[in-house]
Amino acid sequence: MAIRTDADRYARPPGGRFVVWEYLMRCWRGYFVSSLAQAVGTPLLYLLALGVGLGALIDSGPQAQSFGGVSYLDYIAPALLVAAALQTGVGESSYPAYSRFKWTRVFWGVTATPVTPLQVCDGETLFIGTRLLAGSALYYLVLLAFGAAGGPAGVLMVPVGVLTGLACAVWVLALGARMRSEGGAFNILFRFVLVPMTLFSGSFFPITEMPLAIRWLAWISPLWSGNELARGAALGGLGLWPAVGHLAYLLALLAIGAVVARRCYRARLIV
Amino acid sequence: MKASAPGGAAGGGAGASTLILRVLPLQLYAGRSWVVLERNLRVYRRSWMIIVSGFFEPVFFLFALGQGLGALVGTVDAGAGPVSYAAYIAPGLLATSAMNGAIYDSTVNVYFKMRYAKLYDAMLATALGSDGCRARRDRLVAAARRNLRRRVCAGDAGDGAAGVLVGAAGGAGGAADRARVRCGRDGVDVLREVLAAAGVDQHGDPADVPVLHHLLSAGRLPPRRSRRSCGACRCIRGSS
């Protein structure tokens, strides 16, 4: 816990957020291999099962032209990258971050040093961004191996994935900082927000296939914005203004979420 | 428990026998696994949302994939003639949902209970509830507990002792006192006092294995104390 005194102002290191980031990176070494295996294995499985397996059904199906003239593999590849980034971002900011308040209580130890709660929050965000960058880059390489990564502009899928994952992760960080119980709210979040978001954001089929009554779910979904941007990068065909709109939405979500998360961290860690 | 680490690391022969006794806890297994089941049911009664939400997940998938993607796939030849894509994936979604629930409960949940909630430590410190053989079990446990309390402090089987000796499992024939002593926050020193006061025999006595070899290395076993001095009782009362 952190108790503010005047002395802190002099002792506080300017690079506290990087100290927290370094700590989390060192923690990452403990599950580095498994997270890399996940980062490579998941796209392999999804691309084989959905892109190649299901894609064979769809490309020979009645409405193969509804994907804008590209194969189903090419259609879902950008969305899979963004969805994986979202999963990683939300996953890393839910139980692992929360456990540092609740079970391992690392954050209380960190903020007993000159590192401030705001720097803890920033360090978490930086670390999640780093993880997302590594995961998305690996995902992109796998897509490249499948020939589903689009043209040279397809490399822009990586920053889009990082942005989408981070824009949602900061809100989950804020939620974790406000929770006091054993973390059951995360289960609800996964099942009633994350899974529907993955399914109804135009990842696997165009949102025009959804009834109008629930199409607004996709419109408010950050994943939909990420999908549109990533598809625009890989396949082209996204207008300037829609792209600007999606980008602005994600950036605003990230900025507001970061402010809220910092407030929540401060409220939790300063007594 | 942290205190078991030095015990496990000490000595070759003693370590091996302890290991065997921990792997095969003869006479210590209460056979009451259904009590654990009951405990889990009671817990889930409070977090019913997890069960209910498990219903919605396949529904979301069925709706999204069956309706949204189904329109693009058309029909699938499932062996017995073409069926709609929604009908094709519905049984698979059911099975997947069941598998995911089971895997979640048996991996992350178990690890959490073991590592963070320390639930299994707490369970092992008790006799795991009661069952149809309640009278017999109660007799055994009561006898063991009475003996232990008497040893801790003659004439004053105080509440302090109960705070430390949180559980006693009935041994074979009720003769052997098998108690699991929770180390708790006060650490090994308090435990030594308790064991000394309890007058538990030195290592080698099979009845003491769960207590002594589990928590203390052979070289650090407490010396026997006379019951009269009873400094341990003050220590126990102070700590509880």
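Any value given below was found using the heavy atoms of this structure, including those in side chains, with hydrogens, waters and symmetry copies removed. None of these values were measured; they are calculated from a predicted model.
Put simply, the side chain of B:L69 reaches to within 4.5 Å of the side chain of A:I58, judged on heavy atoms. A heavy-atom distance below 4.5 Å is found between the side chains of B:Y116 and A:T104.
Heavy atoms of other residues, nucleotides or ligands lying less than 6.0 angstrom from OH of A:Y249 number more than 12. When the shell of 6.0 Å around CZ of A:R178 is examined, it contains 12 or fewer heavy atoms from other residues, nucleotides or ligands. Remark: A:F146 CZ is packed, more than 12 non-hydrogen atoms of other residues, nucleotides or ligands lying under 6.0 Å away.
For A:F190, no part lies under 4.5 angstrom from a heavy atom of chain B. Contact annotation for A:I188: only side-chain heavy atoms (C-beta onward) come within less than 4.5 Å of a heavy atom of chain B. Proximity to chain A (any heavy atom under 4.5 Å) is shown, for B:Q67, by neither the backbone nor the side chain.
Contact detail for B:A71 and A:E209: the closest heavy-atom pair is CB-OE1, 3.5 Å. Contact between A:F200 and B:A64 at its shortest, heavy atoms only, is CE2-CB, 3.6 Å.
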Quiz item: Going through the distances and angles, do B:L72 and A:Y72 end up as a side chain to side chain contact (heavy atoms under 4.5 Å, CB included)?
Solution: CA-CA 10 Å; B:L72 304 173; A:Y72 188 61; 5.6 Å; no
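Here CZ of B:F63 is found 4.0 Å from CD1 of A:I214. Values are rounded to the nearest 0.5 Å.
Between B:F60 and A:F192, the angle of the ring planes goes over 60°, which puts this pair in the perpendicular group of the 30/60° scheme.
Your options are B:Y104, B:Y85, B:F112, B:F56, and the one with the most heavy-atom pairs under 4.5 Å with chain A is B:F112.
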